Each structure stands twice: as structure tokens, then as C-alpha cells.
Amino acid sequence: MRKEETVKLISAEGFEFVIHKDAAMVSQTIRNMLTSPGSFAETEHGEVTFPEISTTILEKICKYFYWNLQYASGKQTDQLSPYMSMPSLLGGQVLFNIDCPGRCPRM
């Protein structure tokens, strides 16, 4: 995997998750941070720091990004990701503006 194909997400504790850019782009928030015009650090270095998100939660969110990619091809499933608990899933929807119709619980 080349550096241009990856994104580094950094938790509050400083733990770094290097994931595929396609997986990170599941999040509209992260997509906006990485594709904004101008010379922002996130855009230039491909790194996003989340000073208020713990390593445990960010790990679950990264796993969810990959899970979402697997089912984003239009294949519907009623099965929730095995990586996500209900609070983490709802937190991911709110924090990262994840679009997961048909798969996310309704509030």
C-alpha cells in the first residue's frame, strides 16, 4: 500500500491508525478534512488528529469504515457490524456523519 493510498487517524492518546483512503472516505467529515482547498495540515500530510476520541472508539470506527465498504456496493443487510456496539455505532453516525441507510439503528 502506497502512502498516497492511506490516511493516518490519530487518537487522543496518540495511537495512529493507518487505513486505506477509501475506507476513511466513508466519513463525510474526514472526506471534507482531506479534500478541502487550501494548505491545511490534514490535506497536505494525510493525517487527522482527534484529540477527544479515545483509541478504543477510534479503532471501532476504523473497523466500521472497512465493514461499511464491504456493504456499500448496494448489497443490503440487516446484520449490524460485529465490530460495533450500539453506543459506538450511534457515535460514529454523529461524529463522522456516516451514511448507512438500512444498516444503522434508527434513533
Side-chain angles (χ1 to χ4, degrees):
M1 191 168 25
R2 296 185 323 216
K3 185 172 172 29
E4 306 83 47
E5 298 172 349
T6 64
V7 173
K8 188 184 296 184
L9 306 180
I10 306 168
S11 70
E13 297 85 4
F15 193 88
E16 299 176 351
F17 295 91
V18 178
I19 65 173
H20 284 94
K21 197 171 201 172
D22 290 343
M25 295 299 191
V26 165
S27 163
Q28 185 65 44
T29 302
I30 293 174
R31 182 182 304 139
N32 290 342
M33 293 171 120
L34 295 173
T35 59
S36 295
S39 56
F40 294 104
E42 293 87 359
T43 306
E44 289 183 6
H45 302 294
E47 296 180 6
V48 181
T49 302
F50 298 99
E52 296 183 11
I53 299 178
S54 71
T55 299
T56 305
I57 297 299
L58 191 55
E59 177 183 20
K60 287 187 179 286
I61 300 245
C62 289
K63 287 180 179 181
Y64 178 77
F65 290 163
Y66 281 105
W67 182 86
N68 187 281
L69 276 181
Q70 181 179 355
Y71 293 101
S73 64
K75 187 187 338 180
Q76 291 295 322
T77 180
D78 294 330
Q79 177 184 353
L80 289 176
S81 167
Y83 301 113
M84 302 299 290
S85 65
M86 190 67 73
S88 298
L89 187 59
L90 294 174
Q93 278 185 276
V94 172
L95 290 173
F96 293 102
N97 192 22
I98 298 169
D99 181 29
C100 51
R103 294 185 294 276
C104 293
R106 303 287 179 226
M107 295 179 72

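All of these numbers come straight from a predicted model, not from anything done at the bench.
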*Where Val26 and Phe65 come nearest, the two heavy atoms and their spacing*: CG2-O, 3.7 Å
*Qualifying residues under side-chain contact (heavy atoms from CB on, under 4.5 Å), relative to Lys21, sequence neighbours excluded*: Val7, Met25
*Provide the closest heavy-atom pair for Ala12 versus Pro51 in the form atom of the first, atom of the second, distance.*
CB-O, 3.2 Å
*Mind checking the NZ-OG spacing from Lys60 to Ser54? Nearest 0.5 Å is all I need.*
10.0 Å
*For Ser27 and Thr29, indicate whether the former's side chain and the latter's backbone hold a donor-acceptor pair under 3.5 Å.*
yes
*Among pairs that include at least one residue of residues 5-19, which meet salt bridge (Lys or Arg N to Asp or Glu O under 4.0 Å), considering only residues two or more places apart or in two chains?*
Arg2-Glu5, Lys8-Glu16, Lys8-Glu47
*With the side chain counted from C-beta on, respond yes when Ile30 and Phe50 share a heavy-atom pair under 4.5 Å apart, and no when they do not.*
yes
*Val18 and Met33: same hydrophobic cluster, using ILVMFWY side-chain contacts below 4.5 Å?*
no
*When clusters are formed by joining ILVMFWY residues with side-chain heavy atoms under 4.5 Å apart, either directly or through shared neighbours, do Ile10 and Ile61 land in the same one?*
no
_In the structure I gave you, are the side-chain heavy atoms of Ile19 and Thr6 within less than 4.5 Å of one another anywhere?_
no
*Quick one: list whatever passes side-chain hydrogen bond (donor to acceptor under 3.5 Å, both in side chains) with His20, sequence neighbours left out.*
Tyr66
